[in-house]
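Counting convention: from 1, in listed order, for ligands and their atoms alike. Sequence positions, counted from 1, serve as the residue numbers for this chain.
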Amino acid sequence: MLDAAVAAIGSGLNQYPPGPGVPALLSAVAEHQSRFYGLATDPAREVLVTVGATEAIAATVLALVRPGDEVVTFEPYYDSYAATIALAGGVRRTSVLRFPDFAVDEESLRAAFSARTRVVLLNSPHNPTGKVFTREELELVASLAVEHDAWVVTDEVYEHLTFDGAEHVPLATLPGMRERTLTISSAGKTFSTTGWKVGWVSGPAEAVAAVRAVKQFLTYVGSGPFQHAVAVGLGLGDEVYAGLASSLQAKRDRLVSGLRAAGMEVSVPQGTYFVIADAAPLGASDAVTFCHELPERAGVVGVPVSVFHDDADAARTLVRFAFCKEDEVLDEACRRLAALRTG
Ligand SMILES: *Cc1c(COP(=O)(O)O)cnc(C)c1O
């Protein structure tokens with residue numbers, strides 16, 4: 001895949017690509033949706049290439065949400081969601097996923113919906129919790145979206161990074177949902193190429209056309225030569241995808257046991273490359289202060305989970321750590337954290 005990017009640059013593919021994306025990548029995305037999920041997708045009308053998933057999310061929310069419309073999402077949420085909903089003039093309505101199991105709370109999810117719900121913005125596998133939504137949870141989200149005639153926008157950038165056989169179910173595959181779902185993903189997380197910023201959105205042709213109209217004036221196009229390389233990457237064999245997930249699963253196990261050995265309660269993630277741990281046993285009473293001091297105290301960086309929340313109290317002492325690192329780095333970080341233990 002890296003060679004394909006070099007070759008694309010060397011062969012002169014360095015000008016603006018076509019607005020919707022290069023044809024090879026549009027076809028590769030459609031083929032990927034069919035191969036992994038059985039979702040028949042027309043590459044010419046139902047796929048749009050974007051500057052990462054971030055632009056796909058922004059262009060989609062800006063296309064669908066009118067000022068005053070409500071957007072339902074789970075918190076903690078990926079940080080761009082709140083900003084993007086605000087840019088569209090939308091109103092964020094959330095349902096909290098709580099440590100340590102982060103299960104969907106049906107009552108609070110129902111309460112987040114109203115007659116003004118326009119979009120449900122769903123991320124699975126979920127950053128920052130590492131949660132992979134179960135089919136039953138997705139069915140609940142789907143039924144509420146139908147009941148309120150809302151669009152569903154799914155952020156599936158970690159679709160291939162799942163562990164322990166956990167099944168990633170794209171919401172668009174549930175009965176009746178394809179026609180009201182825009183599915184977003186990206187090459188960044190799957191292929192460890194976050195700097196390339198190649199993402200895409202797929203869904204019903206009219207909705208994708210609306211997203212394209214917004215994208216036209218955000219960036220128009222991006223990542224020309226890298227689009228050709230990602231087309232190659234998406235076509236790689238099943239063993240490549242399986243290898244990515246299993247090497248990350250081993251790193252997850254390593255960090256989870258290291259954090260536990262350091263005295264922390266840990267939520268074991270079924271996807272992504274993040275793990276959430278409770279830093280209270282290390283003396284944290286507020287994860288924001290704790291994380292701010294951690295680089296100097298231990299040479300370790302974590303992110304306070306409260307920054308992904310509207311309700312900071314839902315995550316007072318919780319910290320997100322990443323395990324997409326060399327084994328020695330993970331081991332050393334855990335050793336240093338263990339030295340902070342207070343009790
Ligand atoms: C990293 C990430 C993104 C952004 O993806 P890009 O392709 O880099 O823009 C979007 N959503 C979630 C949940 C992420 O973790």
Quiz item: Excluding sequence neighbours, so at least two apart, what forms salt bridge (charged side-chain N to carboxylate O under 4.0 Å, His left out) with D310?
Solution: R92

Quiz item: Should the proximity of A53 to ligand 1, defined as any heavy atom under 4.0 Å, be assigned to the side chain, the backbone, both, or neither?
Solution: both

Quiz item: Between F274, Y81, Y77, Y158, which one has a non-hydrogen atom sitting closest to atom 15 (O) of ligand 1?
Solution: Y158

Exercise. Could you tell me which atoms of ligand 1, counted from 1 in the order shown, lie closer than 4.0 angstrom to a heavy atom of N123?
Key: 13 (C)

Quiz item: Counting distance only, does the side-chain N/O of S267 pair as donor-acceptor with the main-chain N or O of P100 below 3.5 Å?
Solution: yes

Quiz item: Looking only at distance, does E55 have an N or O less than 3.5 Å from an N or O of ligand 1?
Solution: no

Practice problem: Determine whether the side chains of T94 and E75 contain a donor N or O and an acceptor N or O closer than 3.5 Å. | Solution: yes

Quiz prompt | Over-ring placement of K325 relative to F323, 6.0 Å and 45° cut-offs | solution = no

Quiz item: With distance as the sole test, does K131 use its side chain to make a donor-acceptor pair with the main-chain N or O of F102 at under 3.5 Å?
Solution: yes

Quiz item: Using heavy atoms and a threshold below 4.0 Å, how should the contact between D155 and ligand 1 be classified: side chain, backbone, both, or neither?
Solution: side chain

Practice problem: Provide the number and element of each atom of ligand 1 under 4.0 Å from a heavy atom of N127. | Solution: 13 (C), 14 (C), 15 (O)

Practice problem: Using a 4.0 Å heavy-atom threshold (strictly under), name the region of K197 that reaches ligand 1: side chain, backbone, both or neither. | Solution: side chain

Self-check item: Residue portion contacting ligand 1 (non-hydrogen atoms closer than 4.0 Å) for H126
Solution: neither

Practice problem: Around atom 1 (C) of ligand 1, find the nearest protein heavy atom and jot down its residue, atom name and distance. | Solution: K189 NZ, 1.4 Å

Self-check item: Protein contact to atom 7 (O) of ligand 1 [nearest heavy atom, distance to 0.1 Å]
Solution: S186 OG, 2.6 Å

Practice problem: Spell out, as yes or no, whether a donor-acceptor pair under 3.5 Å connects the side chain of Q249 to the backbone of D164. | Solution: yes

Quiz item: With sequence neighbours excluded, what pairs up with A83 under the side-chain contact (heavy atoms from CB on, under 4.5 Å) test?
Solution: none

